[in-house]
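Here is the structure we will look at, set down as structure tokens.
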Amino acid sequence: MRLILASAACLALLGACSNGEKTARYLIDPPMTGERVPDRLGTAELKDVSLPEYASGGEVSWQTGDGAVRSNTKQLWADDPQRAFTLTLARSISELSGATVIAEPWPLAEPPRRRLEVRVEKALAQADGSYRLTGRYFVADEGAGGANQARGFDISVPLADQNPAAIARAQSQAIARLARQIATLSGPGRSIRTSTAPLPRIDDIFSQPLPPLEGS
């Protein structure tokens, strides 16, 4: 009898632990502003966004007053954070500027004109009541005379609260601001021109005649 009661208690406990209604999942969904900016990217492949470890996990993270970054196993992102960040950023840039920005791998037969890489250094709901998104982005233009970009971003969005829903809204707003910055190629940094004289291919080098020997 005791064994039966113990088994029933274990099953009840397992059922409670697996109750999906007790787990909250939050979406990254930047707001649509209707704003439009000129297309300065054309076609661009966005590499998977590089995120800090605490921001790439499945749990929503935040910073407490003691400086620690904490999370809760019942408060999760609805999608893989890196995938969601990358796809959302690509879509936001495209909708804002009219550019064709697609997350890797590039699916079209015609290769992209530019390649875009974003390296996030901080993506955190801070203890000071703001969501902070910082890092650098790079635009590679392989065409002769193309303008390559190496620029930084430091975006701060006020947090209405430290709860996961408020964090998700603030992160969505931060991604929208980052999308605008990339679409307009703005932010601290510099533009580097691609050399107009590409290096010769190795087969071209060996196809050239050798110079005459001295005294011949």
Expected list for residues 101-112: side-chain donor-acceptor pairs under 3.5 angstrom, two or more places apart:
from, atom 1, to, atom 2, distance (Å)
Glu104, OE2, Asp48, N, 3.0
Trp106, NE1, Leu108, O, 3.4
Trp106, NE1, Glu110, O, 2.7

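For the side chain to side chain donor-acceptor pair (under 3.5 Å) condition, the pairs that include at least one residue of residues 177-190, sequence neighbours left out, are Glu35-Arg180, Thr184-Ser186. Identified under the side chain to side chain donor-acceptor pair (under 3.5 Å) test for residues 87-103, with sequence neighbours left out: none. Pairs of residues two or more places apart, or lying in two chains, that qualify as side chain to side chain donor-acceptor pair (under 3.5 Å) and include a residue from residues 52-68 are Glu59-Ser71, Thr64-Asp66, Thr64-Arg70, Asp66-Arg70.
Take Ala174 and apply the side-chain contact (heavy atoms from CB on, under 4.5 Å) test, not counting sequence neighbours, and it matches Tyr131, Leu133, Ile155, Val157.
Atom-to-atom distance recorded for Leu51:CG and Thr86:OG1 is 7.0 Å, nearest 0.5 angstrom. Rounding to the nearest 0.5 Å places CZ of Arg25 at 10.0 Å from NZ of Lys74.
Not a single donor-acceptor pair under 3.5 Å links the side chain of Asp141 to the backbone N or O of Asn148. Using a distance-only test at 3.5 Å, with no hydrogens or angles considered, a donor-acceptor pair links the side chain of Arg114 to the main chain of Leu41. The backbone N or O of Asp29 sits less than 3.5 Å from a side-chain atom of Ser172, completing a donor-acceptor pair.
Annotation for Val37: hydrophobic cluster partners, listed by chain and number, are Leu96 (ILVMFWY side-chain heavy atoms under 4.5 Å, direct or chained).
In this structure, Glu117 does not pair ionically with Arg115, as no charged nitrogen and carboxylate oxygen lie closer than 4.0 Å.
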